[in-house]
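This report refers to the structure that appears directly beneath it.
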Amino acid sequence: ETGVTQTPRHLVMGMTNKKSLKCEQHLGHNAMYWYKQSAKKPLELMFVYSLEERVENNSVPSRFSPECPNSSHLFLHLHTLQPEDSALYLCASSQDIAGLSEAFFGQGTRLTVV
Amino acid sequence: DQQVKQNSPSLSVQEGRISILNCDYTNSMFDYFLWYKKYPAEGPTFLISISSIKDKNEDGRFTVFLNKSAKHLSLHIVPSQPGDSAVYFCAASARFGNEKLTFGTGTRLTIIP
């Protein structure tokens with residue numbers, strides 16, 4: 001399997017739940033990203049990992065916790081979310097963050113917080 | 001403050017005609033620009049890019065034009081086809097300093113058969 005794969009595709013969770021989003025890339029890329037897409041807003045970069053190290057955290061609330069155990073996998077752990085966190089969460093990867101390579105995106109996880 | 005702006009949330013074009021999607025940016029450090037296409041229930045996919053050393057890049061039916069003095073770029077699709085109906089995101093990045101892609105809000109293109 002090639003490309004960027006995200007699971008689950010859809011997730012409904014209560015505000016007191018703990019869940020995790022998973023992203024896997026088989027492209028041999030060194031950089032991975034979490035983006036959030038809300039209605040009528042630009043894609044918002046949340047986290048950047050390069051060679052398994054977090055290099056950027058764009059003022060994301062601590063109820064979102066990323067984890068990158070290796071260069072092929074990226075997780076986003078969720079706990080005590082708010083309804084306004086409902087959005088499409090997209091994972092992406094690119095060859096590296098220093099070059100001008102385009103990012104490859106997964107299909108996203110549609111998250112609904114109730 | 002949005003650094004990449006797509007002021008038209010939607011656009012409808014007749015099949016066979018030219019579709020023109022516009023994008024403006026404010027950060028003069030941006031020197032690499034990309035267009036992504038997104039179908040419902042799928043992630044964005046890379047479509048075409050342009051470096052600031054060029055003012056035009058063409059790939060089949062898709063052409064991107066860059067006007068650095070106006071901080072404006074546009075994507076032309078000709079002829080437009082029904083399969084082109086999607087949301088198009090403009091993105092920009094800087095060669096030095098902040099490397100990450102900054103996206104616009106997207107324009108929903110509908111091709112009318």
Partner residues of A/Lys22 under the side-chain contact (heavy atoms from CB on, under 4.5 Å) criterion, sequence neighbours left out: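 Here the qualifying residues are A/Thr7, A/Glu24, A/His73, A/Phe75.
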
Do A/Phe105 and B/Tyr36 have ring centres separated by under 6.0 Å?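 Close enough - the centres of the two rings lie under 6.0 Å apart.
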
Decide yes or no on side-chain hydrogen bond (donor to acceptor under 3.5 Å, both in side chains) for B/Ser8 and B/Thr107, but give the supporting numbers first. CA-CA 6 Å; B/Ser8 298; B/Thr107 296; 5.6 Å; no

Chain A contact via [X] - which portion, at a heavy-atom distance below 4.5 Å:
| X | value |
| --- | --- |
| B/Pro44 | both |
| B/Phe89 | side chain |
| B/Gln6 | neither |
| B/Lys5 | neither |

So which of A/Pro42, A/Gly106, A/Cys91, A/Ala92 has the largest heavy-atom pair count under 4.5 angstrom toward chain B?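 Greatest number of close heavy-atom pairs with chain B: A/Pro42.
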
Which portion of [X] sits near chain B, non-hydrogen atoms under 4.5 angstrom:
| X | value |
| --- | --- |
| A/Arg9 | side chain |
| A/Gln37 | side chain |
| A/Tyr33 | neither |
| A/Leu45 | side chain |

Worked check of ring pair (Phe, Tyr, Trp, His ring centres under 6.0 Å) between A/His29 and A/Phe104: CA-CA 10 Å; A/His29 289 166; A/Phe104 291 77; 5.4 Å; yes

Is the shortest side-chain N to carboxylate O distance from B/Asp84 to B/Arg61 below 4.0 Å?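 Salt bridge present between B/Asp84 and B/Arg61.
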
Using a strict threshold of under 4.0 Å (side-chain N to carboxylate O), is an ion pair present between A/Arg63 and A/Asp85?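 Between A/Arg63 and A/Asp85 there is a salt bridge, with a charged N closer than 4.0 Å to a carboxylate O.
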
Short side-chain to backbone donor-acceptor contact, A/Gln25 and A/Ser71, under 3.5 Å: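 Yes, A/Gln25 side chain to A/Ser71 backbone: donor-acceptor pair under 3.5 Å.
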
